[in-house]
Structures are given as structure tokens and as C-alpha cells.
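Have a look at the structure below, then the notes.
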Amino acid sequence: ISNSGGTHPIWSRDGRELYYVAGDRMMAVGIDPKCGDRRPQQFSGGQCQRISIARALVMEPELIICDEPVSALDVSVQAQILNLLEEMKQRYGLTLVFIAHDLAVVKNISDRVMVMYLGKVCEVAPPDELFAGPRHPYTDLLMQSIPEPDPTNPRGTAHIAGELPSATDPPSGCR
């Protein structure tokens, strides 16, 4: 199997090395390689995420972009996938860019957090620092909007007044 300029080091002409690497990555994420003939609809959501991670790992990347990797999963499966990503990060020396709207997940898995407002970076900080004292008003608003499970102990009163600015025609000033 060749790519645009040659043969990838993990592939051979007969595909045996690719088959070995794919099976190895499937086992690394907790999927039996023998189930490779199953259809996607025959896997659970957590299994599909594991397969997606294995597929990314076959190419031996240094960086993986994880766009909402646990948003459609129940809480127990979310924890399993997050633990798996952390394990794969350590095992393969990966950098993970984790894109998410679930701030509790972001806080627990991140080394650094970047908050974006209208498509631009407005704040970057270690998670504990960011959650303890956000500096940007938008970050502060996000922190106040985290649901509090105890209704008698409200976290904050996040109020948005007026119209949201247009991302195509943002207001002037500091983001």
C-alpha cells in the first residue's frame, strides 16, 4: 500500500505488517481484532470511540485532535474513554488537542486550557488556575454557567444581556 510519495514504514506490499499493527492497536484500546468483520452498527458507542482511537494510532501520529470525543457517551463510558486517551497519550508519547464544551471534562483531563470567543483565543491557562480565577469576562461567564447539582448552592448568576455579537462582524476591542 503506498501513499503519495512512497511506502509508509508500517506497511508492506502484502499487507501483513499493516494487519499486525492494526491488530496491535485494536488490542491496545481494548477491542478484539477478530471482530474486524463486524459492521459499525454492531458496536456500541464506546466501542466505536475505541476503534476510532485505534484507527488514529495506526498512523503513529505525534498529535491527535479529539473533537468532542465523549459528548455522545454515558458518564461511565466517558470515564473509560478519557482514561484510555490518557493511557494512549503516555504509551505512544502523544499530544492530544481536546475540543469540548463539557468544562468538567476539560478541567480533569487538560494540562492547559484555551478558551475561544468568536473564533479567537481569549484566555490560556493551566486548568486549576483558569477555573479558580478566570481573567476574561467570557471565561468567567462560562465558569458561572456550569450547572450546580445542588439547587440550594448556586455557583453564580450568569446573565447575558443584549444580542450576541456576530462572528462575521465582531465588535472592536479586546477579545
Side-chain angles (χ1 to χ4, degrees), residues 22-119 121-160 164 167:
D24 179 66
R25 298 313 185 271
M26 294 284 283
M27 288 188 295
V29 299
I31 299 287
D32 185 350
K34 293 178 184 173
C35 67
D37 61 344
R38 289 171 48 190
R39 298 274 185 214
Q41 64 269 23
Q42 294 175 301
F43 292 102
S44 69
Q47 288 172 319
C48 287
Q49 284 302 83
R50 289 173 182 277
I51 291 166
S52 294
I53 294 166
R55 288 179 67 187
L57 292 172
V58 164
M59 298 305 297
E60 299 179 351
E62 294 178 14
L63 171 87
I64 295 179
I65 298 174
C66 305
D67 189 1
E68 298 283 359
V70 296
S71 63
L73 304 173
D74 67 50
V75 175
S76 63
V77 178
Q78 280 185 3
Q80 292 172 11
I81 297 299
L82 293 172
N83 289 337
L84 175 64
L85 285 169
E86 184 62 34
E87 180 186 331
M88 296 299 104
K89 178 179 156 186
Q90 298 303 317
R91 181 186 292 185
Y92 296 107
L94 297 170
T95 297
L96 301 177
V97 175
F98 198 89
I99 302 167
H101 290 91
D102 186 335
L103 297 176
V105 170
V106 169
K107 182 178 183 189
N108 288 320
I109 65 151
S110 301
D111 298 322
R112 277 186 303 175
V113 178
M114 175 188 300
V115 178
M116 296 184 71
Y117 175 66
L118 295 177
V121 176
C122 66
E123 188 163 1
V124 179
D128 291 337
E129 184 181 311
L130 185 83
F131 281 76
R135 295 183 176 174
H136 193 277
Y138 181 71
T139 306
D140 186 46
L141 185 66
L142 285 175
M143 299 304 156
Q144 290 182 44
S145 69
I146 297 172
E148 174 62 49
D150 181 0
T152 63
N153 186 17
R155 190 172 278 181
T157 54
H159 297 287
I160 301 174
L164 292 174

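Since the structure is predicted, the reported quantities are computational estimates derived from the model, not experimental observations.
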**Asked** Would Arg50 and Ile81 count as a side chain to side chain contact (heavy atoms under 4.5 Å, CB included) if you check the C-alpha gap in whole Å, the side-chain angles of each, and the deciding distance to 0.1 Å?
**Response** CA-CA 7 Å; Arg50 289 173 182 277; Ile81 297 299; 3.8 Å; yes

**Side-chain donor-acceptor contact under 3.5 Å, Glu87 with Asn83** = no

Looking only at heavy atoms, which two atoms of [X] and [Y] are closest? And how far apart?
| X | Y | value |
| --- | --- | --- |
| Gly45 | Leu73 | C-CD2, 3.6 Å |
| Cys66 | Leu96 | SG-CD2, 4.2 Å |
| Met114 | Val121 | SD-CG2, 3.2 Å |
| Thr139 | Pro134 | CG2-CB, 3.5 Å |
| Val77 | Gly46 | CG1-CA, 3.6 Å |
| Pro61 | Leu94 | O-CD2, 3.1 Å |

Is a side-chain N or O of [X] found less than 3.5 angstrom from the main chain of [Y], in a donor-acceptor match?
| X | Y | answer |
| --- | --- | --- |
| Gln47 | Ile31 | no |
| Glu123 | Leu130 | no |
| Gln42 | Arg39 | yes |
| Asp32 | Cys35 | no |

**Prompt:** In this structure, are over 12 heavy atoms from other groups packed under 6.0 Å from Arg38 atom CZ?
**Reply:** yes

**Request:** Applying side chain to side chain contact (heavy atoms under 4.5 Å, CB included), run through Phe98 and Leu82 and close with a yes or a no.
**Result:** CA-CA 10 Å; Phe98 198 89; Leu82 293 172; 3.7 Å; yes

Give, for atom [atom1] of [X] and atom [atom2] of [Y], the distance between the pair rounded to the nearest 0.5 Å.
| X | Y | atom1 | atom2 | value |
| --- | --- | --- | --- | --- |
| Leu84 | Gln80 | CG | CD | 9.5 Å |
| Glu129 | Arg112 | CD | CZ | 12.0 Å |
| Leu57 | Met59 | CG | CE | 11.5 Å |
| Thr95 | Leu63 | OG1 | CG | 6.0 Å |
| Cys122 | Arg135 | SG | CZ | 13.0 Å |
| Ile53 | Tyr92 | CD1 | OH | 11.5 Å |

**Request:** Indicate yes or no: at least one non-hydrogen side-chain atom of Met26 is less than 4.5 angstrom from one of Ile51.
**Result:** yes

**Prompt:** Just wondering, do Ser71 and His101 contact through their side chains at under 4.5 Å, heavy atoms?
**Reply:**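 They are not in contact (no side-chain heavy atoms under 4.5 Å apart), so the answer is no.
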
**Request:** Could you please spell out the steps behind the side chain to side chain contact (heavy atoms under 4.5 Å, CB included) verdict for Leu142 and Leu103?
**Result:** CA-CA 8 Å; Leu142 285 175; Leu103 297 176; 4.0 Å; yes

**Request:** In plain terms, say whether Glu60 and Arg25 are close enough for a salt bridge, that is, a side-chain N and a carboxylate O under 4.0 Å apart.
**Result:**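 Looking at Arg25 together with Glu60, the answer is yes, because their closest N to O distance falls below 4.0 Å.
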
**Request:** Decide yes or no on side chain to side chain contact (heavy atoms under 4.5 Å, CB included) for Met88 and Val29, but give the supporting numbers first.
**Result:** CA-CA 8 Å; Met88 296 299 104; Val29 299; 4.2 Å; yes

